Every structure is written in C-alpha cells, then in structure tokens.
Amino acid sequence: MDRRNLISPANISHNAGLISSALNSVLNPNTSELSLIHIKRRAMATDFEVSFPLGTKDAVLMAEECLDLINMLENQLSVYIEKSEMVRINQNAAKSPVKVEPHLFNLLQKAKHLSHETSRGFDITSGKLVKLWGFFKGPKRVPSDSEISNILSTFGSESLILDLDKKSVFFNKPEIEINLGAIGKGFALDRVKKHIINKFGISSFMIHGGKSSIVCGDSPIDQPKGWPIAINHPWQPNHRIAIIFLKNRALGISAATYNNFEFNGIKYGHILNPITGYPAKGVATCVVAAPDATSADALSTAFFVLGINAAIQYCENHKETGILILPENEKEQVLVVGNLVVEF
Amino acid sequence: MAMDLTAEQKEQGKSNFQNVSQELSRRGFLKGLSAGAGVAAITPAVYFGYKSMEGNPVRAALIGCGDEGGILVGAHNPEYLKFTAICDIRPYNRDRIMEGDPKVPLRPGFKKLYGAESKDIKVFTDYKKVLEDKSIEAVVIATPLCNHARIAIDAMKAGKHVLCEKLMAWNVSQCKEMIKVSKETQKILSIGHQRHYSMLYSHAFEVLKSGVIGDVKHIRALWHRNNSWPFVADAAPKFPIAKEYPAPKYRDGWYPPIYQVDHDELKEQSKMFGFKSVEELVRWRLYNETGGGLMAELGSHQLDACSIFLGKVHPLSVSGVGGKIFYGTDRNDRDSDDSVFVTFEFPGPNHPKGMNQGSDKDDIVVVTYSSLNTNGFEQYGECVMGSRGTMIVEAEQSVMLYNEKDPSKKSTDPKSTSISVTTTPGNKPVLDASSTWGPGGGPSAVGGGAAAATGAGTPVSRGYKEEMEDFAYKIRVWDKSSKAEVDMPRCHGRVAMADAIIALTSNIAMKKKQRIDFKESWFDPTSAEVPDGDTVPRIPAV
C-alpha cells in the first residue's frame, strides 16, 4: 500500500512529509508560465472543454472535431434524446437481445465488470431507482421504504446478459433501465483521447466534461509532474483541499453538491446507493485517478457510495488506481490512497 | 428553433408542455391529448370531427407524383382514400411513385404499400384523361404551383372532389376562381396545409389560449436550410442525368438533376403543359412564373401556423427584404429569392380584428419570418414569445414550453463553442475540478431512464394522413346528404386563400420594397379585389 496517507486538511503541513510523491517534486520556483488554449461547448448537460498548450497547431480545428465526437456520443448515449441507441436498448432489451454498437457494447461490458469489482457500489442498471427519487426530471421526492425495497430487486448489473460474439445485450430482469450518468462522460473522454492521439498524433492535452471528469495526456512543457488540477471543498469553493497532478491519466470527481434537496430537515444527495436504494452518505467528495476516464468516472461514484474502507481495499488490488476522499464529517481526515500524485 | 437548448432543456420543455396541457385537459379545457401518460388519448379523427369511413374508400387519382406526391402517398390511409390512378408527365416521377424512393422512407411507393394490387393503378400522363375516367371520384393535386388552379377547376367541373396541395394557387385571383367553381359545382375543395390537421398544433393553440405564457406580442418563425454544400451525383443512378441542362453545383432539393428519361420524353411536350422547358418543369420552384418561392413553399405553412396560434386571424400588414443573394449564374441559378425576411403585424386577441374582437387597436403581435439557404443551424419551427413564457414548436414534431426566466435565476448557456486562452504560473492548477450536475435536470445527459423518451417510437403525425382521411370522410357524407349540413374540411378554400394571400403579398412587398396593408376584401372570395401586383399568370386558371 504505497503512498497511502491519512491527512487532515486543517493540519496539512504536519502530514505533508508522508506524501512522498509530493515532496519529491516540490514546486520549482523557476517553472515558467503555462499558457493554454481552451475550446468549450455544451454537451451532456454540461460544458466539455478541450485544452492544448498554446501554440499547438490547428488546436481549434482539432478541438471542434473532438467536441463533434462528444455531441455524436451524446446522441447515442443520452436517454433524453428520443432516438438514441440507449433509449432503443432500454425499450427493447427486456424483450429480446438487442445488437449494440461495438464501442457501446464495450462500455456496457466494462460497466458490468466495474459493478462486480465494486460489489455494486456502482450500477448502471438502476435507472428506475433514479426516477423513483425524481432525480431524472423531477419533482424530487422521498419514496416510501416499501417503494424502495420493491425496486431494489428489479435491477442489478448481473442481469445484463452480454453476448460477446453477437455484441448484443439482453435484460434478464424486465424492469431494468440503464443509466449511464455515472460513466458516460468518462467514456466520451476516453474516446476523444484516443482520437487525439491516434488521428492527430498530439500527446499533450487535457479534456474535461463539467470539470468532474478529466483526462490528460503528456505533461505540458516545464510541467514534469503533470497537469495540476485543483480539488476544492464541495461546500466551500474557495477552500482548496489539494492539487492533483495528472499525466496520461484520468480523474473522476463525485460530490453530492448541487442536485440535492431537503425534506423534513434531512438533506438528500443525488448519488444513490444501489444496494440500499437511499442517497449515499458519509463522503463529501470522492476523487479517483485511473488510467482511463471511464473507470475513474465509475469508481468515483462507487467509492462515494461505499466509503473509505472499500476504497482502501480496492486500491490494494488495483495498484493503478489512486483515491482521495474527503469525509462528510469535518472531524474526519482526508484519505489519500493508492497511486496519486498530490500536493496540499 | 430553440438553438440554445440542451437535450435536457428540450425534454424539460416538452414535459412542461405536457404538464400544462394535461392540466387543461383535466379541467375540461382541452378536448383530449394524445401525448403523455394519465390522459385518455383521443384519436385525431374524433378531435378533428370525422369518423370511421362509411362505405368504400374514395377512389382517387394522384395528379403530380413528385416529391410531395410521394409524401402524400406514404401518409395516406387506404381505408379512407384509395389511389386508383396516378398521373404525371415525367417518366421519372411515374417510376418513383410506384417503386418508392430508397433514400426517403416517407416515400415508400405504391408497390410497397399496395403490393400486387399496385398493378391495378391506372397510369396517365394527361390529367384531362384522368378527369374523363368516371370511376375516379376525387383528385389529389401535387403539381407545380402554376397548374394548381387549372387542374383543380377542370377537375371540379368534371365532377371530381379536389384536395390540392398548397400553395392554393399562383395568384389570389386564381384562388377566388377556385372557390367560385367549388360552389358552382358543389364539389369539395380542400387545400393541403397539413398543420390544420396536426394534433400538435391544435394542442399548442389550446395551451396558448389558456394564457399560460402571458401576453403574446411576438412570434418568430423560420425555416432555414443549408443548400450550399457541393452537389454529389449518385454513384450508380437509376436514370442517367441529361447533359443538356446545367448540372446542380449545390445540393439543393429545388435544383435537382434532370434525368435523360424526362428530357427525351418531354423536350417538346413540356410546352404543351405550359412550361418553357423541361428545366422549368422539373425546377419549377425556382421560377416566379411557375412557383412562388420560399414564401409559398415554406413560409405559407408557418404563417398559417402563426394565424392558427392567434385564432385564425388575418394579418394587418407586411414588409420585408428578400433577394437572390447567394445563387447565380452557373451556381443553381434561379428567379426566386434565396433569402426572405418578412415582418407582419397581426391583430392580438383584443384587437378589433383579433380573436376576441376587442377594442384595443394597440394589441398587435409582430410576427417575423425568415427562410434562407445558407445556414441550417436552427431546426425549423415557430417560437411564440409571451410575457410569462415561451412556446416553441419544432419541426412539426415537438412543442416545448418554458416560463420566462425569473430575473433572479441563472440563465442557460447557448449551445456554442467558446474559445479562451489562459496563462497560469507554472505548477499552479489549470483547472478547478468540481462535481457539477447542472441545475434542475437529471444526474447528467446520459443519466436517468428510458421514460425520458416521451412519445418515442412513432413520430408525431404532421397531419397529412388526417387531412386525406377527413377529405375522404367528407366526400362520403357530402355525396349522401344535403350538402349544406356538411362541414367543409378544415382547410377549405377560404382558409387556404388567406394563407396564399399572406405568402403572395409578402412576395409583392419584398419586390416593391413597400409595406403593404392587407385589405379585408382580399380575403373575401366574393369580392373581386386582390392585392396590387397580383399579376397575370402565364398559365391561365381556365
């Protein structure tokens, strides 16, 4: 368990010594400025932005092509778009196996695998649960215990029957509705990353979707540690928790910040625990670094739901993953575990 | 329309519209609503006041088997109206109406629709021969505009009921003549402004009437298309393209290639039907003497919609700018304007000429309309702007409803690409990560469940099917009973003439660069008065 540290944000300097990676690459005061060009467009209900070091040839043209790809993927994945492939799958896959576009098939496969790996902390088949709480189109509501317990048995990624040869999906439970909300942005970023590297031959770039899914290429010149990404406190935006450095890696951030609501004095967050059917509790922010954005996106949701112990255990078996968790309880310490280059 | 809305915002708008119309329906303000759960849907037939077909389907002939004819064939219901004959002077069209258009599923062709029975369809080239056929009860006319009046009038005089495509006629005098002949011959004359048979528009009107979006002072309607992309010929065309005519430079439905079969058969004959050349016949929409330009082809539908929204009222004035500012010699050249921008004053509900016939002369609704050929960013549609909300009808397929933004609320971002440059000191964060889920919507664009797909599956009927069903139904009732008791189809001559007057007067205003006030007498079929500039047609009505 290398680079595992337990840190209190209020007492960072005392613990800083424990963070080997951060200490080994202390900010070089002579580092030159970093100028970037950012190209941004609305997609998937948020802003997607492609950034290149300023001076990268044809940056805007390349970015436009990337953003077009994201728009295209939105048309495929969004359940808000009537004719999307995802809608078609949700409508038909309980009746008979539905043939799926190969990339999307891979995504479903990966989502199922990640659900298994996280013991269902993350589950794309919980669309009906999301709706039950009104997180889909509103109005938000607190369902009754029996409504929740009834719905829990109607989904589960193990009931996604994926036929590798036929590239088809079948819902073994008729009520299943796939919800790619916790993985779609990451998937889109991975596709764009591949496009940039393979088609344009560009290695230094950063792309993000809504600042909560980020994927980076090689370090910009004079930034040997990687692309510096600030992690802020979810309720106190001016309070910086950490800076994470990313190099050829991706970051997923989950926090129940915006889409929550209050009922009878209790606050309910928008990230639902697919095991209990209730909003996840205990974590304020969960940040996951992984080799690909699809995994980072899904895992940040999973460990937001499952909490610190599950995160520690996961990183023991997945050395490529790094996790930062800020607990909801301000008295608890920030957890940094696994492979993460972080500075406080 | 709705260019700055995300997919979620659009869904939210659709859901808002449904919520409001369901509530109105529940309270008895709406006759019935097809979309949305929880409300017993009624069929368009009930809504539009016609019933199941009594007796045999009407035996009809399709005169004019081009692009629009193909759409009508695709939409018709043979339980009401059965095509027993087709007529077109172009061999290309006669072939396509039977075989279908492989690239356009909406034009499936008779072979697919009628199967073996399609062999029984009689094929004509001269419409006069169709009119001699006693077995044919009605004609559906989808020819170039310049021939509408002549064929419709001849048909009614020959004892046929007529459903004629819009625009009703090439000029207002012809419209009046058609109405006159309909009366004299006691034949039904219905015009194909399909929005009169669209449940979507009917409900949009009901919701508007309820006042939920406050005072409506502006409607913005548009149909923008980008016909500036290079023309690419079919790799393996079914018919070779004739070399005698300028080839399309741009991909433009109004400037199609001219096929050798049409040239060979019609190079002499086209003149018999009033056309100067095969090119004028095939590309009739481009010429002022054969077509009516963008206002007739596209604008008339949408001004029709605006009239519907305001309670089927007539506009007060029009002015506008139009021009052929993109196409030219060797570049899909034409007579007609390739860009039109017109502004109308319509009477608001409380205006003396408005829906409620009030006394407020200042209750004016300004309607702007544009149609152009060099940008297709926005989907076509109509945007009704009220003081408390906005209703957007997009592509005849969806209605979205939004409250006016509370000044204290954050506005939404337009769907546009922004470019910025930042400079940060070395090793300082280049991005502040966060977990933004956006206001209101769902977990994210790709989150949620399948029920978001409101009305997914079959597209909303644009009204073609219903317009033909009602036409056929009315014929059956008409022929059996005392005619005075039968309602005319919803878009009968007088209604459609108003749409033609709007479109044609707009063209005159742009041509003369004048503001024109509409006169009520123009809209009166018994009055001989027509707009100044209602020029003499090359192809006479009778």
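Just so it is clear, the values below take in all heavy atoms, side chains as well, and ignore hydrogens, waters and symmetry mates. If you're wondering where the values come from, they're calculated on a predicted model, not measured in any experiment. Throughout, a chain's letter reflects where its sequence line sits, starting with A, and its residues are numbered from 1.
Neither the backbone nor the side chain of F48(A) comes within contact range of chain B; no heavy atoms are under 4.5 Å apart.
The minimum heavy-atom distance between I229(A) and P429(B), with the atom names listed, is C-CB, 4.3 Å. Counting all heavy atoms, side chain and backbone alike, K211(A) lies closest to D432(B) at CD-O, 3.2 Å.
Here the straight-line distance linking atom CG of L431(B) with atom CD1 of I231(A) works out to 8.5 Å at 0.5 Å rounding.
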